[in-house]
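Shown next, in structure tokens, is the structure this report addresses.
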Amino acid sequence: CMETWQADMRGWETQMAEYQTAQEGRQRAVSAAEGMLKSFWEKFSFIYDASVTESWLYMGLIDLVLVGLILFFQKRKDVI
């Protein structure tokens with residue numbers, strides 16, 4: 001009975017060591033991801049503070065600039 005218990009305990013210790021190793025790797029990955037999210041939030045949090053109207057206004061402005069640039073470069077290409 002004691003030998004069975006000792007064998008079970010050795011098995012449990014092995015499993016626990018594997019679990020702790022996996023847990024450490026998982027914690028490193030989570031910490032890295034949290035760091036990336038924190039950095040993103042610090043740099044771009046203003047994006048989430050905008051209203052829908054502001055967002056549409058900015059998207060429309062970007063679209064107008066891009067269309068203007070496309071027309072300019074297309075005309076330039078035709079001339080050259």
Side-chain angles (χ1 to χ4, degrees):
C1 184
M2 189 65 154
E3 293 167 357
T4 305
W5 179 79
Q6 287 176 342
D8 289 344
M9 287 304 292
R10 281 191 295 273
W12 179 81
E13 288 172 352
T14 303
Q15 289 175 352
M16 190 55 139
E18 291 172 0
Y19 172 77
Q20 287 175 343
T21 303
Q23 186 68 13
E24 289 170 2
R26 189 171 25 256
Q27 187 60 38
R28 279 193 300 272
V30 168
S31 295
E34 286 175 344
M36 289 174 59
L37 287 172
K38 181 180 178 189
S39 173
F40 180 83
W41 181 257
E42 288 172 353
K43 291 178 184 176
F44 301 108
S45 63
F46 66 91
I47 292 172
Y48 301 108
D49 294 335
S51 69
V52 174
T53 307
E54 286 179 56
S55 297
W56 276 97
L57 181 66
Y58 292 140
M59 285 191 301
L61 183 63
I62 290 169
D63 289 342
L64 286 174
V65 169
L66 289 175
V67 167
L69 287 172
I70 289 169
L71 292 175
F72 171 76
F73 284 114
Q74 186 67 38
K75 181 69 173 171
R76 186 167 181 246
K77 181 182 152 212
D78 290 342
V79 171
I80 294 178

Can I get a per-line list of side-chain donor-acceptor pairs under 3.5 Å for residues 52-69, giving both atom names and the distance, sequence neighbours left out?
| from | atom 1 | to | atom 2 | distance (Å) |
| --- | --- | --- | --- | --- |
| S55 | OG | S51 | O | 3.0 |

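- Identified under the side-chain hydrogen bond (donor to acceptor under 3.5 Å, both in side chains) test for residues 10-25, with sequence neighbours left out: Q23-R26.
- Counting only distance, with no hydrogens or angles, the side chain of S31 and the backbone of Q27 share a donor-acceptor pair below 3.5 Å.
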